[in-house]
Amino acid sequence: KGFAGRDGTRAYHTGKFEAGDKDGLVETLEGLPDAAYLAIHEWLAFYHKDYTAVGKLASGHYFDRHGAPTAARREFERH
């Protein structure tokens, strides 16, 4: 339950952590303002600097089952 095996990026930005909330624990960042993308990039940089990645969510919105970036991930990187 909670974040286990789920992408919580949108929930961290919106502060909505309830399962099923369309603005919370969902995989897409669609509809967030541009400022949110900057904040998320800063959040990623902070965690990548101090923490070791231990895996990726398999077959999700941003990575396929092989760990390769999806079109959604490439679009996020363009922001």
Side-chain angles (χ1 to χ4, degrees):
K1 205 169 182 178
F3 290 110
R6 303 178 82 167
D7 183 339
T9 305
R10 185 183 189 94
Y12 274 110
H13 174 74
T14 63
K16 297 180 179 180
F17 300 100
E18 297 298 319
D21 188 322
K22 68 178 182 67
D23 289 325
L25 287 175
V26 296
E27 293 181 336
T28 182
L29 299 178
E30 237 175 78
L32 291 179
D34 287 341
Y37 285 89
L38 176 60
I40 292 165
H41 275 286
E42 290 171 349
W43 176 74
L44 284 169
F46 171 81
Y47 282 98
H48 283 199
K49 180 181 71 166
D50 294 329
Y51 295 91
T52 302
V54 294
K56 294 181 179 169
L57 292 175
S59 195
H61 190 70
Y62 295 103
F63 295 95
D64 67 18
R65 65 186 184 95
H66 301 291
T70 63
R73 174 62 186 218
R74 291 188 294 276
E75 177 65 25
F76 171 75
E77 291 296 328
R78 282 194 284 270
H79 273 86

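Position 1 is the first residue of the sequence; numbering continues from there. Computation of the quantities below employed the complete heavy-atom set of this structure, encompassing side-chain atoms and omitting hydrogens, waters and symmetry-equivalent molecules.
- You'll find the side chain of Leu25 stays beyond 4.5 Å of the side chain of Arg10, heavy atoms only.
- With sequence neighbours excluded, no residue forms a side chain to side chain contact (heavy atoms under 4.5 Å, CB included) with Ala39.
- Interatomic distance, Leu29 CG to Ile40 CD1, rounded to the nearest 0.5 Å: 4.5 Å.
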Under 3.5 Å, sequence neighbours excluded: what are the donor-acceptor pairs made by side chains of residues 43-51?
none

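- For the atom pair CG of Leu38 and NE2 of His41, the computed distance is 8.0 Å after rounding to the nearest 0.5 Å.
- For Arg78, the salt bridge (charged side-chain N to carboxylate O under 4.0 Å, His left out) partners two or more places apart in sequence, or in a different chain, are Glu75.
- In this structure, Tyr62 has no ring pair (Phe, Tyr, Trp, His ring centres under 6.0 Å) partners at least two apart in sequence or on a different chain.
- In this structure, Tyr37 places its OH atom where more than 12 heavy-atom neighbours from other residues, nucleotides or ligands lie under 6.0 Å away.
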